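Report on the structure given below.
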2 protein chains.
Amino acid sequence: MDDIDLIRNFSRTYTHRLGLLSKSYLGSGLALSEARLLHDLDRPGPVRARELAQGLGLDEGQTSRILAGFARRGWIRRTRDEADSRQRPLHLTEAGRAQLEVLRLASRTAIAEATAPLGAAGLAALARVLDQASDLLRPPQPPLLRGLLPGDAGQVIARHAALYARDEGYDQSFEALVAEILAAFLTRNDTARERGWIAQSPGGRMLGSVFCMAEGPEAPQIARLRLFLIEPEARGTGLAQRMIEACLGFAAAAGYRQMRLWTHESHQAAGRLYARNGFALVASAPARAFGCEVIDQTWQRDLP
Amino acid sequence: MDDIDLIRNFSRTYTHRLGLLSKSYLGSGLALSEARLLHDLDRPGPVRARELAQGLGLDEGQTSRILAGFARRGWIRRTRDEADSRQRPLHLTEAGRAQLEVLRLASRTAIAEATAPLGAAGLAALARVLDQASDLLRPPQPPLLRGLLPGDAGQVIARHAALYARDEGYDQSFEALVAEILAAFLTRNDTARERGWIAQSPGGRMLGSVFCMAEGPEAPQIARLRLFLIEPEARGTGLAQRMIEACLGFAAAAGYRQMRLWTHESHQAAGRLYARNGFALVASAPARAFGCEVIDQTWQRDLP
DNA sequence: TGCAATACTTGATTTAGTCAAGTATTGCAG
DNA sequence: CTGCAATACTTGACTAAATCAAGTATTGCA
């Protein structure tokens, strides 16, 4: 059972369970090739018929016929290329985009039904590993660092809870703490002095988080770096460094004079990262937290 | 970009890159449905045509025709059901099995070509995440614990190196150490007193390893638990406990009086597991190893 | 005993896909 | 600027897979 057999094995399971091979695509009346073609038409600029055919490995004749059908149904507009009138650049119309949305919903429903037995947690785990696979299949692209969007806070809570429970044995009280921290952050909504970053894979799954928060009114010049988490599969890639830099840069620009953070001694890789970024260990004390014996650490550095 | 969109997105990337949709299956002259049908015929007992059709979502008429073709080419034998002569139980012949092997090789070649740009490490990573996905899609099954097979030692070395480099920052000297330990183990080949276990997912990927080795001639009654590793995604599932029990059970049966192990303080979850299994910390000392400052720990317990 | 249900098979038809030829246009060597 | 190969797409003829419906032999059961 080598790597290739594992992949073959997956293909069979996947096509079987997710029914990728379904003819007459999801009852939408469109054939699979038509659906794929329509999807590939959804690009900002004009599209060439040949590009589409080659991109999908479809026969050009067949492509031509399918496109004729789309034009008849008003899903695409075929314009005339001024410079070369052999070509007929294609544009998706509003009707075409609407049809694409119909398709998207049908496909979402089908996947939701097929994955219903997995439950929400299983679905999230599946999405996570499949998106990892997407990343591996695509030419490598660096993760995106972006601000917080709706739904991110929940993800941050869920991943903190899951990973700390697995790796450190933390109990539910840790999830509650993370939820409280985030709830307060969102409530304060102090965008000038506080910010969160989400690292996101090219496919869109969350790879990590970091937050810059105010230490509190009694220490207005101190910023706190919090909820710093990198998914295991994204560790050792330099992503953590990028995220720390984003956080430090924001804190300095927001006028803080120091940045402080709180961690546990067991996070050795994190400790090395903090040390590399000018933080120094300023306090350390054993404590009992989240059902475990831990050694709390406080690190601090000055900001430029 | 929610979970379902991530899955949709993966499906597109995957079918595009791995070309699942290839008609005329891989130049073997068989259509995709024929290949899938032939594959599903490969089961120990007799198979019913209807089962096959329903299992693959194929039309019964079409199934009948394809099966007639298989029978004509001598790939299947159609017997007569004594109790119900409407049914014609199907059996794959040797020729059919040979054809299946042709198909398997063609499919392997196709995957190997499609994944060539990823390199060996990328392929291994892809196989790993896709097999995780297979596990998630299947009804849950517990991992299998088995002895060492050819190729396992290499995997054990590779995963130790990769995970410790990622999580602890160990350098290459750690990989060398693991390789030496395993080479010596394989060379001694002392099956009565030493053994290794591999935990394997239902799909077949390695989920973890543990070894029972002799401490050495100067301490013949002491066994050492070594190379204990659980893949991150398999942590917190009780697998580690099963593996420790297997190792302890073997050591006791092999006549050892004590079991000893060596770890680092930073592996807190492992430490808790050892404590739960009767081990006590007997020595602890800071050391510099594999390019890191660590705190070596020795744990020990008596065997029944 | 008769009749619906089952386990397939066969026939008629549709349709996606293939291959090759056809049309209009472009680019470029002579 | 002429002619001819190349390009971008279309069209026609054909193949084969898939679908739908009807057909056959057999079973089970009221």
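This one's a predicted model, so the numbers in the text were calculated from it and none came from an experiment. Just so it is clear: chains get the letters A, B, ... in the order the sequence lines come, proteins before strands, and each one is counted from 1. When reading the values below, keep in mind they use all heavy atoms of this one structure, side chains included, and skip hydrogens, waters and symmetry mates.
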Provide, to the nearest angstrom, the distance between the CZ atom belonging to R80(B) and the C1' atom belonging to dA7(C).
-> 11 Å
May I ask you to say what T63(A) touches in the nucleic acid, namely base, sugar-phosphate or nothing, with a heavy-atom cut-off under 4.0 Å?
-> nothing
E34(B) has an atom CD; how far is it from atom C1' of dA18(D), in whole Å?
-> 12 Å
Hey, mind stepping through Q200(A) and R205(A) against side chain to side chain donor-acceptor pair (under 3.5 Å) and telling me if it holds?
-> CA-CA 5 Å; Q200(A) 147 179 322; R205(A) 87 180 178 286; over 6 Å; no
Report the nucleotide, chosen from dT6(C), dT18(C), dT9(C), that has the shortest atom-to-atom distance to any side-chain atom of R50(B).
-> dT6(C)
Among the candidates dT9(C), dC8(C), dT27(D), find the nucleotide nearest to the side-chain atoms of S85(B).
-> dT27(D)
Taking only the side-chain heavy atoms of Q62(A) (C-beta and beyond), determine which of dC20(D), dT25(C), dA16(C) contains the nearest atom.
-> dA16(C)
Expressed in angstrom and rounded to an integer, what is the separation of L32(A) atom CG from dT19(D) atom P?
-> 12 Å
Whole angstrom value for the distance that separates C1' of dT6(C) from CD of Q54(B) | 12 Å
Sugar-phosphate, base or nothing in reach of Q87(A), heavy atoms under 4.0 Å | sugar-phosphate
Should E34(A) and R73(A) count as an ion pair when the cut-off is N to O under 4.0 Å?
-> yes
Nearest 0.5 Å, what's the CG-CD1 distance between L239(A) and I230(A)?
-> 4.5 Å
Decide side chain to side chain donor-acceptor pair (under 3.5 Å) for S11(B) and Y14(A); before the verdict, give the C-alpha distance in whole Å, the side-chain angles of both, and the deciding distance to 0.1 Å.
-> CA-CA 9 Å; S11(B) 286; Y14(A) 190 68; 2.5 Å; yes
Whole angstrom is fine here: how far is it from CG in L58(A) over to C1' in dT10(D)?
-> 15 Å
Side chain of I66(B) - closest among dT11(D), dA18(D), dT9(C) = dA18(D)
Which residue lies toward the 5' end of DNA chain D, G61(B) or R78(A), if each is placed at its nearest nucleotide?
-> R78(A)
Touch class at under 4.0 angstrom, heavy-atom based, for D84(A) against every strand present = sugar-phosphate
Using a cut-off of 4.0 Å on non-hydrogen atoms, how would the nucleic acid contact of A53(B) be classed: base, sugar-phosphate, or nothing?
-> nothing
Give the rounded distance in Å between these two atoms: CG of D81(B) and P of dA7(C).
-> 10 Å
Rounded distance in Å - CZ (R72(A)) to P (dT11(D)) | 12 Å
Can you tell me if H160(A) uses its side chain to pair, donor with acceptor, with the backbone of V156(A) under 3.5 Å?
-> yes
Between the side-chain atoms of R48(A) and the base atoms of dT7(D), is any donor-acceptor pair under 3.5 Å?
-> no
N or O in side chain of S64(B) less than 4.0 angstrom from dT10(C) OP1/OP2 = no
Looking at every strand, decide which applies to R88(B) at a 4.0 Å heavy-atom threshold: base, sugar-phosphate, or nothing.
-> sugar-phosphate
Identify which nucleotide among dT18(C), dT25(C), dT6(C) has an atom closest to any side-chain atom of R86(A), counting heavy atoms from C-beta outward.
-> dT25(C)
Short question: side chain of R159(A), backbone of G208(A) - any donor-acceptor pair under 3.5 Å?
-> no
Residue mapping more 5' on DNA chain C - nearest nucleotide basis, E82(A) or P89(B) = P89(B)
Quick one: does R65(A) reach the base of dG12(D) with a side-chain donor-acceptor pair under 3.5 Å?
-> yes
Whole-Å distance between dG17(C) C1' and L67(A) CG?
-> 15 Å
For dT23(C), the Watson-Crick or wobble counterpart (both distances under 3.5 Å) = dA8(D)
Partner of dA30(D) under the Watson-Crick or G-U wobble criteria, both distances under 3.5 Å, comes out as dT1(C)
